[in-house]
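Okay, structure first, notes after.
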2 protein chains.
Amino acid sequence: MDYTRDNMAGLLRSHDINPTHQRIEIAHALFSRQEHLSADQVMAIVNTRHSETSKATVYNTLKLFLEKGLVREVIVDPSKVFFDPNTSPHHHLYEVDSGKLSDIDAEHVEISGLPPLPAGMVTEGIDLIVRVRRTS
Amino acid sequence: MDYTRDNMAGLLRSHDINPTHQRIEIAHALFSRQEHLSADQVMAIVNTRHSETSKATVYNTLKLFLEKGLVREVIVDPSKVFFDPNTSPHHHLYEVDSGKLSDIDAEHVEISGLPPLPAGMVTEGIDLIVRVRRTS
DNA sequence: CAGCAATCTGGACTTTGTCTAATATTCGGA
DNA sequence: TCCGAATATTAGACAAAGTCCAGATTGCTG
């Protein structure tokens, strides 16, 4: 699988998203890098040559991708949200100093002993974040 | 143990924090409630009668408490940070709709199979957040 | 009481994100 | 292809959380 803009259009359609020019660019930014990006970073990437996509559209689009399950939101930094093109179950490793965020495959990780949920509640997701720091 | 202002002064001293009037009030707000509070909420509580403590002081103080290990930071909501007076190991249950945050005792929870850390890294903490939603 | 360090303060500022009303684009049907 | 309706995009004003700074206060200590 490679992340051409054409393939992005297909990906968007398959998620019931109208593939406009801006949405394709934003999807391309996220998926071709396979990295966690903040809204700011997405905007910077998409507008490298000459400003093409507005701030409002970047935020709208990321929110749309989120609703449609195309990306996942990662909340680790109090000052900004990251968007993760990897939606398969996995956890995160966060380097506190540098702000670097990487994936931990969920395959071998097991979480046991969680108490039952309060009645009338469903789990929307379990976020496991390992915060690390460089030994100094 | 009860959370009189006098006891707060002792708590602060034992954590190497100079117990000023404002710091005692802020500690009292957090510890007498034993709840997760945002900076905003702390400010509202402390300034109920007549404004007594400035925004800058609330933020400075919470940051200081954090450094001295008196409280813990909980990052679950992209728009604000919560401060948790419970520093014993535990996890969190977050109700997405209402924003309600509660503790999950860590005693019976076990997390296994985490990969080894990258060289030169130490764990600063492991945050486990169960995001739940009301069935509708 | 004077001097000094630590603390507190208002308010300006920054950053992330939201909102709105006008404009532009896209899509499906004839 | 052309048209109208629905959908997207935009600039820029706005909001909220948090930071920063320089001056004022506090409270020691000699």
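Side chains included, hydrogens not; waters and symmetry mates left out as well; all remaining heavy atoms used. Each chain gets a letter, A, B and so on, in the order its sequence line appears, and its residues count up from 1.
The phosphate of C/dC8 has neither OP1 nor OP2 within less than 4.0 Å of any side-chain N or O from B/Ser54. Dashed line: the shortest gap from a side-chain N or O of A/Tyr59 to OP1 or OP2 of C/dT18 is not under 4.0 Å.
Distance CG (A/Leu66) to C1' (C/dT18): 16 Å, rounded to an integer number of Å. A/Gln41 has its CD atom 14 Å from the C1' atom of C/dT15, to the nearest Å. Note: CE (B/Met43) to C1' (C/dG10) measures 12 Å, nearest angstrom. When rounded to the nearest whole Å, the span between NZ of A/Lys80 and P of C/dG17 equals 8 Å. Distance A/Leu64 CG to D/dT7 P: 13 Å, rounded to the nearest Å. Separating the CZ atom of A/Phe82 from the P atom of C/dT15 is a distance of 16 Å, rounded to the nearest angstrom. Rounded to an integer number of Å, the gap from A/Lys63 NZ to D/dA8 C1' is 15 Å. B/Glu52 has its CD atom 14 Å from the P atom of D/dT26, to the nearest Å.
Residues A/Asp103 and A/His36 bring a donor and an acceptor atom of their side chains to less than 3.5 Å of each other.
Mapping B/Asn60 and B/Pro78 onto DNA chain C via the closest heavy atom, the residue that lands nearer the 5' end is B/Asn60.
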Verdict with supporting geometry, B/Asp84 and B/His92, side chain to side chain contact (heavy atoms under 4.5 Å, CB included): CA-CA 10 Å; B/Asp84 186 348; B/His92 290 104; 2.9 Å; yes

Stepwise side chain to side chain contact (heavy atoms under 4.5 Å, CB included) test for B/Leu12 and B/Thr20: CA-CA 9 Å; B/Leu12 294 181; B/Thr20 65; over 6 Å; no

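Looking at A/Asn47, its side chain does come within 3.5 Å of a backbone N or O of A/Thr53 through a donor-acceptor pair. A donor-acceptor pair under 3.5 Å is formed between the side chain of A/Arg33 and the backbone N or O of A/Ala29.
Interface residues of residues 7-30 of chain A facing DNA chain D, ordered by number: A/Asn18, A/Thr20, A/Gln22, A/Arg23; criterion, heavy-atom separation under 4.0 Å.
Interface remark: the A/Lys55 side chain does form a donor-acceptor pair with the C/dG17 base, using a distance-only criterion of under 3.5 Å.
When each of B/Arg131, B/Arg133, B/Arg134 is tested with A/Glu124 by the rule salt bridge (Lys or Arg N to Asp or Glu O under 4.0 Å), just one qualifies, namely B/Arg133.
In this structure, A/Ser79 reaches the sugar-phosphate backbone alone: every heavy-atom distance under 4.0 Å involves primed, P, OP1 or OP2 atoms, never a base.
In the set C/dC19, D/dT9, C/dT16, the nucleotide with an atom closest to the side chain of A/Asp40 is C/dT16. Proximity note for B/Val81 (side chain, C-beta onward) versus D/dT19, C/dG17, D/dG18: the nearest is D/dG18.
Note on A/Ile104: it clusters hydrophobically with B/Leu117, by side-chain heavy-atom contacts below 4.5 Å among ILVMFWY residues.
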